[in-house]
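Following: one structure in structure tokens, then a few remarks.
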Amino acid sequence: MKTVKVTINVNNEKIKLQVKPYETLLETLRERLALTGAKEACSLGSCGSCTVLLNGTPVRSCLILTPEVDGASITTIEGLKEDGKLHPLQEAFMEKGAVQCGFCTSGMIMTAKGLLNRNKKPSRAEIIKSISSNICRCTGYKKIVEAVEEASKKMA
Ligand code: FES
Ligand code: FES
């Protein structure tokens, strides 16, 4: 089968791959690179559980083909830790009880990271809007919003 050469920077590591032309970024991350933090749920772009950062912006990795991101930088939940410490968003999600089954959590955190990349002090309304297309079946969202608020305060 024909394959495509791709070079991507994943969590600050340059990686050269030979992938199928129609392979999704989510498949590449989970199945080739064993980065299973991004979850596969709907595979249709509807739930947000597969969210990662593409050059700092949240994207649904189930909708993107890996050959399309040749040369780009990808950040997954596994790449958020700094100096061996959890990112303030990861700490706040735990402290605020914003994680229940955890299936949506990495997508929520990466979406929130994208928000904080472009707006260091988002209002509650801006936080709600940013996560509004990420689906969580467990938490009722209140704790998630509080966690993002808490993290933005710590990072200010
Ligand atoms: S698995 Fe990608 S949006 Fe649902
Ligand atoms: S914590 Fe279970 S889906 Fe969000």
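Every number for a ligand or one of its atoms is a count from 1 in the order of the listing.
- Those atoms of ligand 2 that come under 4.0 Å of a heavy atom in C138, given as number and element, are 1 (S), 2 (Fe), 3 (S).
- The closest donor-acceptor contact from the side chain of D70 to the backbone of T7 lies under 3.5 Å.
- When only modelled atom types and interatomic distance are considered, S133 and R60 share a side-chain donor-acceptor pair under 3.5 Å.
- For ligand 1 and A41, the ligand atoms under 4.0 Å from any heavy atom of the residue are 1 (S).
- In terms of protein heavy atoms, atom 1 (S) of ligand 1 is closest to S43 N, 3.2 Å.
- Coordination check, C136 versus atom 2 (Fe) of ligand 2: failed, since every N/O/S atom of the residue sits at 2.8 Å or beyond.
- Using a 4.0 Å cut-off between heavy atoms, S46 contacts ligand 1 through its backbone alone, with no side-chain atom that close.
- Side chains of R124 and E149 form a contact here, defined as non-hydrogen atoms less than 4.5 Å apart.
- Here the protein heavy atom with the shortest distance to atom 3 (S) of ligand 2 is R137 N, 3.3 Å.
- Around atom 4 (Fe) of ligand 1, the closest heavy atom drawn from G107, S49, C50, C42 belongs to C42.
- Within the listing of ligand 1, atoms 1 (S), 3 (S), 4 (Fe) sit less than 4.0 angstrom from a heavy atom of C47.
- Those atoms of ligand 1 with a heavy atom of R60 less than 4.0 angstrom away are 3 (S).
- The ligand atoms of ligand 2 that sit less than 4.0 angstrom from a heavy atom of G102 are 1 (S), 2 (Fe).
- In the model, E126 has a side-chain atom that pairs as donor or acceptor with a side-chain atom of N119 under 3.5 Å.
- Among the atoms of C101, an N, O or S atom falls under 2.8 Å of atom 2 (Fe) of ligand 2.
- Proximity of a side-chain donor or acceptor of E78 to a complementary backbone N or O of T36 within less than 3.5 Å is detected.
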Using side-chain contact (heavy atoms from CB on, under 4.5 Å), reason through L63 and T24 one step at a time and then give a plain yes or no. CA-CA 7 Å; L63 292 183; T24 67; over 6 Å; no

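- The closest side-chain heavy-atom distance from M110 to I77 is below 4.5 Å.
- Contact annotation: C62 places an N, O or S atom under 2.8 Å from atom 2 (Fe) of ligand 1.
- Between K143 and E95 the shortest side-chain heavy-atom distance does not fall below 4.5 Å.
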